Structure formats: structure tokens, C-alpha cells
Amino acid sequence: GDSVTQMEGPVTLSEEACLTINCTYTATGYPSLFWYVQYPGEGLQLLLKATKADDKGSNKGFEATYRKETTSFHLEKGSVQVSDSAVYFCALSDTGFQKLVFGTGTRLLVSP
Amino acid sequence: AAGVIQSPRHLIKEKRETATLKCYPIPRHDTVYWYQQGPGQDPQFLISFYEKMQSDKGSIPDRFSAQQFSDYHSELNMSSLELGDSALYFCASSFSGTSYNEQFFGPGTRLTVL
């Protein structure tokens with residue numbers, strides 16, 4: 001079945017450091033890929049998305065490129081802020097309007 | 001902009017009791033999904049509805065049932081509650097008229113079973 005694997009956390013960075021959170025997926029069809037962010041005590045917010053190979057999703061300085069050849073969708077940011085501290089989930093939705101399959105989440109901690 | 005509404009936000013129940021969680025999707029959204037997130041876990045899909053019909057089913061216990069009503073709101077009914085049912089329950093909605101499945105999540109209902 002479909003699955004998502006993302007790097008374990010926590011990832012601890014200093015403010016203005018570069019961020020990469022790895023995400024790889026397995027899917028039978030042509031999935032759409034997403035990154036969701038969850039701040040402490042809150043729900044899931046869509047951070048960015050990509051719906052086909054080579055698409056780049058971007059939002060709030062975060063970027064991720066849909067790489068079909070490596071089945072990856074790594075999340076990157078050039079300069080993190082303390083306010084970016086949260087749990088980041090990589091997710092996929094296979095063809096059609098199907099359920100989201102999430103990775104296990106990566107906690108990011110950014111210190112001043 | 002209107003968001004997904006879930007009620008109640010917090011719910012405390014005893015073992016073997018029943019609980020009903022409600023979800024009001026974004027206006028015009030015709031698909032509703034339910035997810036369960038245990039402590040420190042990733043969200044797990046439970047069940048989904050499209051145009052009031054069940055469209056997919058995941059790891060939902062037989063003790064749970066759900067439906068989507070004519071106004072598109074959905075309810076998750078949970079009976080014979082167990083300690084392990086304590087979790088954050090999210091509802092998400094999407095609109096089938098787009099070319100991709102962007103799901104918008106509600107704030108969640110935190111269920112505690114004592």
C-alpha cells in the first residue's frame with residue numbers, strides 16, 4: 001500500500017540555519033504530495049503542495065520539489081525562525097479523492 | 001475565510017460511554033474525512049464521505065460509525081469507549097471540483113477517556 005517515510009526528529013537548529021527534512025514515498029498511482037505543519041496544541045495546516053512530477057510547492061520561505069525519479073519530496077528552507085518550531089508532516093493522496101497517508105512527523109526546534 | 005468547524009473541542013468520557021463528534025465542512029466542500037491522532041503519532045485515516053455516501057474506510061473500529069448529512073456536516077459516533085480511544089480527532093474537508101485533493105483540517109476534538 002501507499003506509505004510515506006520521513007526523517008526522525010527532533011531536528012534542532014539555530015535561528016537562520018538551513019533546514020532540510022527528508023521525505024520519500026511509495027504509491028501505486030500518481031499521488032499528490034503535501035507538507036502539513038502542526039503547531040503545539042493546534043490542528044494541521046497545509047504548508048505547501050505539488051500535484052505532479054517536477055512541480056515545486058512553496059510557501060512562507062519553505063519549498064519542496066516533487067521528484068518522481070527518486071520518489072522524494074524533501075522540505076527545505078534557507079533560513080529558519082524561532083516561529084517555525086512545530087511538527088512537520090509529509091503526506092500523499094493517491095489518484096482520486098482519497099485519504100491522506102502521513103509520515104510519522106518531524107519535530108523542528110529552532111533556538112534563538 | 002470560513003474554516004472547518006469541529007465540536008466539541010474537548011470531551012471527557014468514562015470507559016464504556018458513548019461520544020458524538022461533529023464536523024461542519026467549509027461551504028461548498030462535498031467531501032469529509034475523519035482522522036485519529038494518538039499522542040505523538042501521525043494522523044490515521046478513519047473514514048470519508050462524498051456527497052453523503054461513504055467513499056473510503058480505513059482503520060475505524062466497529063464500535064465507531066459515521067455519517068454525512070444533507071447539509072454536508074458529518075458526525076462520528078463512538079460507543080463502548082476504551083482508554084485507547086483517547087486521541088485528537090480531526091475532520092477535514094475538500095471540494096471535488098479541483099484537480100487535486102487539498103484537504104482543509106479543522107482544529108480537532110480532543111477526546112479523553114478515563
Side-chain angles (χ1 to χ4, degrees), chain A residues 1-10 21 23 25 27-53 55-57 59 64 66 73 86-107 109, chain B residues 1 3-7 9-10 21 23-26 29-51 53-60 66 68 87-110:
Chain A
D2 296 347
S3 66
V4 175
T5 302
Q6 61 182 105
M7 61 189 288
E8 291 201 20
I21 300 178
C23 170
Y25 68 90
T28 53
Y30 301 94
S32 295
L33 302 175
F34 305 87
W35 276 100
Y36 280 84
V37 59
Q38 186 173 33
Y39 297 100
E42 297 187 11
L44 293 159
Q45 299 176 27
L46 179 65
L47 181 60
L48 54 83
K49 63 182 181 291
T51 59
K52 60 183 187 296
D55 267 3
K56 176 186 279 189
N59 186 27
Y66 190 140
F73 193 55
V87 179
Y88 292 81
F89 290 95
C90 184
L92 69 80
S93 177
D94 215 325
T95 50
F97 279 76
Q98 299 190 25
K99 62 183 181 289
L100 284 170
V101 176
F102 288 90
T104 52
T106 301
R107 182 176 299 278
L109 300 170
Chain B
V4 176
I5 297 171
Q6 291 188 246
S7 68
R9 295 291 310 276
H10 302 273
L21 279 53
C23 169
Y24 298 85
I26 292 172
H29 281 197
D30 48 19
T31 308
V32 168
Y33 307 80
W34 287 95
Y35 294 86
Q36 177 192 57
Q37 185 180 29
Q41 304 292 313
D42 55 296
Q44 294 290 317
F45 171 72
L46 293 178
I47 195 167
S48 63
F49 294 88
Y50 168 66
E51 284 290 344
M53 299 288 289
Q54 181 181 307
S55 54
D56 196 6
K57 190 173 181 180
S59 51
I60 184 170
Q68 185 179 33
L88 196 53
Y89 290 83
F90 288 110
C91 171
S93 72
S94 67
F95 175 54
S96 62
T98 59
S99 60
Y100 51 88
N101 185 14
E102 181 173 350
Q103 297 182 23
F104 294 82
F105 281 76
T109 294
R110 183 171 297 281

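Atoms considered below: every heavy atom in the structure, side chains included; atoms not considered: hydrogens, waters and symmetry mates. Here the structure is a predicted model, which is why all the values come from computation and not from measurement.
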Checklist entry - What do you reckon, is CD of A/E42 surrounded by more than 12 foreign heavy atoms closer than 6.0 Å? => result yes
Checklist entry - In Å, rounded to the nearest 0.5 Å, how long is the span from CG of B/D42 to CG of A/L100? => result 11.5 Å
Checklist entry - For A/L46, is it the side chain, the backbone, both, or neither that has a heavy atom closer than 4.5 Å to a heavy atom of chain B? => result side chain
Item to check | Distance (rounded to the nearest 0.5 Å) between B/F105 CZ and A/Q38 CD | outcome: 9.5 Å
Checklist entry - Rounded to the nearest 0.5 Å, what separation is found between the CD atom of B/Q103 and the NZ atom of A/K49? => result 13.0 Å
Item to check | Pick from B/P43, B/G40, B/P107 with the largest number of heavy-atom pairs that fall under 4.5 Å of chain A | outcome: B/P43
Checklist outcome for this item: The interface call for A/F89 against chain B, heavy-atom contacts under 4.5 Å, is side chain
Checklist outcome for this item: Cut-off 4.5 Å, heavy atoms of chain A, and the answer for B/Y35 is side chain
Item to check | Residue B/Q37 versus chain A: region with a heavy atom under 4.5 Å | outcome: side chain
Checklist entry - Is it the backbone or the side chain of B/I47 that comes under 4.5 Å from a heavy atom of chain A, or both, or neither? => result neither
Checklist entry - For A/K99 and B/F45, which heavy atoms make the closest approach, and how far apart are they? => result CD-CD2, 3.2 Å
